[in-house]
Amino acid sequence: MQEYITKDKLPLIFGVIGFILAVLFFTVGFFKTILLIIITGIGVAVGKYMKDNGVLDNYLKK
């Protein structure tokens, strides 16, 4: 089992992501799921920006 997980890691990750998206589509609806994906993407972009520029590091050192 460990060999399968290490060998086929990427399809397994995308399978889990697909399952989570399917559950979200059926429970909260299409547009709310799309909004959740967009807001998550914005959060990732802001986090990456802050990490690359060291904004948060400078703030936490004070």
Side-chain angles (χ1 to χ4, degrees):
M1 185 69 173
Q2 183 69 24
E3 179 182 317
Y4 174 75
I5 291 173
T6 57
K7 183 180 138 190
D8 295 326
K9 187 185 298 184
L10 198 58
L12 202 60
I13 290 171
F14 279 100
V16 169
I17 290 171
F19 177 75
I20 291 170
L21 283 175
V23 168
L24 284 172
F25 281 146
F26 286 119
T27 56
V28 298
F30 178 76
F31 292 109
K32 289 182 183 178
T33 302
I34 297 299
L35 180 64
L36 179 67
I37 292 170
I38 291 170
I39 291 172
T40 303
I42 291 170
V44 168
V46 168
K48 182 167 174 34
Y49 172 79
M50 291 178 75
K51 181 182 177 192
D52 290 344
N53 291 332
V55 173
L56 194 57
D57 294 336
N58 294 335
Y59 179 74
L60 292 176
K61 287 181 183 177
K62 291 181 182 179

[X] [atom1] to [Y] [atom2] distance, which is reported to the nearest 0.5 Å:
{"X": "Lys48", "Y": "Asp52", "atom1": "NZ", "atom2": "CG", "value": "4.0 Å"}
{"X": "Ile42", "Y": "Ile39", "atom1": "CD1", "atom2": "CD1", "value": "6.5 Å"}
{"X": "Ile34", "Y": "Phe25", "atom1": "CD1", "atom2": "CZ", "value": "4.5 Å"}
{"X": "Ile13", "Y": "Asp8", "atom1": "CD1", "atom2": "CG", "value": "11.0 Å"}

Do you reckon [X] sits in the same ILVMFWY cluster as [Y], going by side-chain contacts under 4.5 Å, direct or chained?
{"X": "Ile38", "Y": "Val46", "value": "yes"}
{"X": "Leu21", "Y": "Leu36", "value": "no"}
{"X": "Ile17", "Y": "Ile37", "value": "yes"}

What pair of heavy atoms forms the shortest contact from Leu24 to Thr33, and how long is it?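 Where Leu24 meets Thr33 most closely, the heavy atoms are O-OG1, 3.2 Å.
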
